[in-house]
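Here's the structure, in structure tokens; my notes come after.
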Amino acid sequence: MPRKTNPSPELLMQVYERLLADQGPRHWWPAESPFEVIVGAVLTQNTQWRTVSPALDRMKAADLWTWEKILAAKTPVLVEAIRPAGYFNGKARKLKEFASFVVNEFEGSQDALFELDTSVLRERLLGVWGIGEETADDIVLYAANKPSFVMDKYTMRIVDRLGWRVSGKKYADYQRLFSERLPVDVPLYNEYHALVDGHGAKVCRTQPKCAGCCLFDLCATGKGNLGQNALSLQGRG
DNA sequence: TACCAGGTGACTG
DNA sequence: CAGTCACATGGT
């Protein structure tokens with residue numbers, strides 16, 4: 001493996017511009033309301049969005065589209081609605097825990113919750129059972145529109161493959177790599193995470209498709225795969 | 001067919 | 001604190 005390098009703020013912006021040119025704006029989060037962002041953020045945990053979207057439709061059809069209704073619903077009813085998203089027992093409990101939090105402490109409106117300062121909001125979210133760091137940051141950024149850079153499996157994998165040095169192995173370490181180098185800017189955080197996610201899902205997959213990658217010349221792993229990709233291109237003639 | 005997908009909490013040494 | 005495991009459906 002090539003030696004890790006310490007990426008400059010300029011390099012982070014260069015990667016952003018490359019991804020933006022490659023994919024265009026992604027218009028995240030794919031939801032019509034802060035409520036839907038939160039529900040979607042829980043349902044998409046370790047799950048692809050394409051199975052979450054049907055689950056959201058089933059929740060609407062089952063009249064489970066407010067915190068009060070989620071809280072009042074019988075667990076098997078909620079489970080059946082969210083079944084397509086997987087992990088339905090755990091996610092049903094998580095939705096009920098969050099509903100209880102919003103109904104009992106913020107009168108059923110996440111708007112009151114979002115009035116908290118960013119760091120306080122994040123801590124309150126982390127205090128809810130089932131809300132971990134990524135889901136909390138999803139909610140802070142995409143529902144409350146406050147600046148908290150979202151980290152996820154894709155982003156960590158891309159950082160590792162690019163060969164960027166990270167101070168540790170934890171979520172916060174990877175998150176800090178970005179937040180210490182980028183201006184604190186909600187639209188930038190929003191689009192950056194969306195673009196990295198798209199790249200992770202389509203190009204920098206578990207089995208990376210380095211041929212044609214817009215970051216190829218910036219990537220330690222991609223350069224290492226040059227021969228292999230050249231062969232696979234040749235094979236397709 | 002076997003592997004993988006926008007994590008989190010519980011448990012162990 | 002760091003590693004490991006269960007949780008579960010659906011697409012390729």
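Just so it is clear: chains get the letters A, B, ... in the order the sequence lines come, proteins before strands, and each one is counted from 1.
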_For the C1' atoms, the ones on C:dA8 and on B:dA2, what distance do you get once it is rounded to whole angstrom?_
16 Å
*asked:* Near DNA chain C, counting only heavy atoms under 4.0 Å, which residues of residues 74-91 of chain A show up?
replied: A:R83, A:P84, A:G86, A:Y87, A:F88, A:N89, A:G90
_Aromatic ring proximity A:W49/A:W28, centre distance under 6.0 Å_ = no
*With a 4.5 Å heavy-atom cut-off, do A:D137 and A:M151 have their side chains touching?*
no
*Verify the contact: side-chain N or O of A:T47 to OP1 or OP2 of B:dG7, cut-off strictly under 4.0 Å; return yes or no.*
no
*In terms of heavy-atom contacts, does CD of A:E107 have more than 12 from other residues, nucleotides or ligands at under 6.0 Å?*
no
*Examine the side chains of A:R205 and A:Q207 and answer whether a donor and an acceptor come within less than 3.5 Å of each other.*
no
*asked:* Evaluate A:R181 against A:E10 for salt bridge (Lys or Arg N to Asp or Glu O under 4.0 Å), listing each step before the verdict.
replied: CA-CA 8 Å; A:R181 291 169 175 78; A:E10 291 72 24; over 6 Å; no
*Quick one: CZ on A:F114 to CG on A:L121, what's the gap to the nearest 0.5 Å?*
6.5 Å
*Closer than 4.0 Å, any side-chain N/O of A:R157 to the OP1 or OP2 of B:dA5?*
yes
*Taking the six-membered ring for Trp and the single ring otherwise, decide whether the centroids of A:Y192 and A:Y189 are under 6.0 Å apart.*
no
*Distance-only, no hydrogens or angles: does the A:E191 side chain make a donor-acceptor pair with backbone N or O of A:R26 under 3.5 Å?*
yes
*Could you tell me the separation between the NZ atom of A:K91 and the CG atom of A:N46, rounded to the nearest 0.5 Å?*
7.5 Å
*chain A footprint on DNA chain C, 5' to 3' - any atom under 4.0 Å from a heavy atom*: C:dA2 to C:dG11
*How far does the P atom of C:dC5 sit from the matching atom of B:dC3, given to the nearest Å?*
15 Å
*Summarise protein proximity over nucleotides 8-13 of chain B in one line of letters, 5' to 3': B for base, S for sugar-phosphate only, - for none, counting protein heavy atoms closer than 4.0 Å.*
SSS---
*Verify the ring-centre separation between A:W65 and A:F35: is it less than 6.0 angstrom?*
yes
*Could you state the CE-P distance from A:M156 to B:dA5, rounded to the nearest angstrom?*
14 Å
*Test of ring centre spacing under 6.0 Å for A:W67 and A:F101*: no
*Please state how far atom CD in A:Q207 lies from atom C1' in B:dA2, giving the value in whole angstrom units.*
12 Å
